[in-house]
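Presented below is the structure to which this report refers.
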Amino acid sequence: QNVKIKSTKDGSEKSLPVGGIFFYVGLYPNSSAFNNLVEADKKGFIVTDEKMATTRKGIWAAGDVRVKSLRQISTAIGDGAIAAHSAQQYLEGH
């Protein structure tokens, strides 16, 4: 299997033999809709506590949009489960 690579500097192209591909999505979160609602760091990642609660009561953040050291599908899934549980407890008055 080959991947076709195109240089962003000079437009040249070449084929690179590979055994697999790992997609890397990006460095910045898609959190601009929350800019005026919750606290975020200088890159735009939303600040949460261990229950995924933001600085605004009743709003939680999970996954790659929040401040954390590791961004992987497995950590995002865990974040989502914690956020959902926390929101449920909030709605039930616990």
Side-chain angles (χ1 to χ4, degrees):
Q1 303 265 343
N2 291 316
V3 173
K4 189 175 183 180
I5 299 173
K6 183 176 182 178
S7 171
T8 58
K9 292 183 181 181
D10 63 15
S12 63
E13 295 182 0
K14 66 179 179 178
S15 278
L16 178 69
V18 297
I21 297 174
F22 178 80
F23 289 94
Y24 186 74
V25 176
L27 300 174
Y28 299 100
N30 186 9
S31 61
S32 60
F34 298 94
N35 282 351
N36 297 318
L37 292 174
V38 298
E39 181 184 351
D41 70 6
K42 63 183 178 180
K43 290 184 179 179
F45 291 99
I46 297 172
V47 176
T48 67
D49 64 13
E50 70 280 354
K51 293 182 178 181
M52 305 303 136
T54 67
T55 53
R56 176 67 63 94
K57 188 173 183 173
I59 299 177
W60 295 264
D64 293 354
V65 74
R66 72 180 198 90
V67 174
K68 61 184 191 172
S69 60
L70 183 62
R71 290 181 172 77
Q72 293 185 341
I73 291 171
S74 57
T75 61
I77 291 168
D79 288 355
I82 293 168
H85 183 257
S86 296
Q88 179 183 8
Q89 287 185 319
Y90 172 80
L91 293 171
E92 292 175 350
H94 298 295

More than 12 heavy atoms of other groups within 6.0 Å of L16 CG: yes

Would you mind writing out the side-chain donor-acceptor pairs for residues 40-48 within the sub-3.5 Å range, not counting sequence neighbours?
from : atom 1 : to  : atom 2 : distance (Å)
D41  : OD1    : K43 : N      : 3.0
D41  : OD1    : G44 : N      : 3.0
D41  : OD1    : F45 : N      : 2.9
T48  : OG1    : R66 : NH1    : 2.9

Minimum-distance pair of heavy atoms, taken over all atoms of I59 and T54: O-OG1, 2.8 Å

Common cluster, V65/I77, ILVMFWY with side-chain heavy-atom separation under 4.5 Å: no

Check: A62 main-chain N/O paired with D79 side-chain donor or acceptor under 3.5 Å: no

N36 to R56 - nearest heavy-atom pair and separation: O-NH2, 4.1 Å

Hydrophobic cluster identity match, I5 and I21, side-chain contacts under 4.5 Å: yes

Considering all heavy atoms, the nearest W60-A83 contact: CB-CB, 4.1 Å

Pairs involving residues 5-23, ordered by first then second residue, that meet side chain to side chain donor-acceptor pair (under 3.5 Å) (sequence neighbours left out): K4-E13, S7-D10, D10-S12

Inter-residue atom distance H85.NE2 - H94.NE2, 0.5 Å rounding: 8.5 Å

Residues, nucleotides or ligands: over 12 heavy atoms within 6.0 Å of Q1 CD: no

Path from L91 to I82 over hydrophobic side-chain contacts below 4.5 Å: yes

Atom of D49, atom of K51 and distance for their closest heavy-atom approach: OD1-N, 2.8 Å

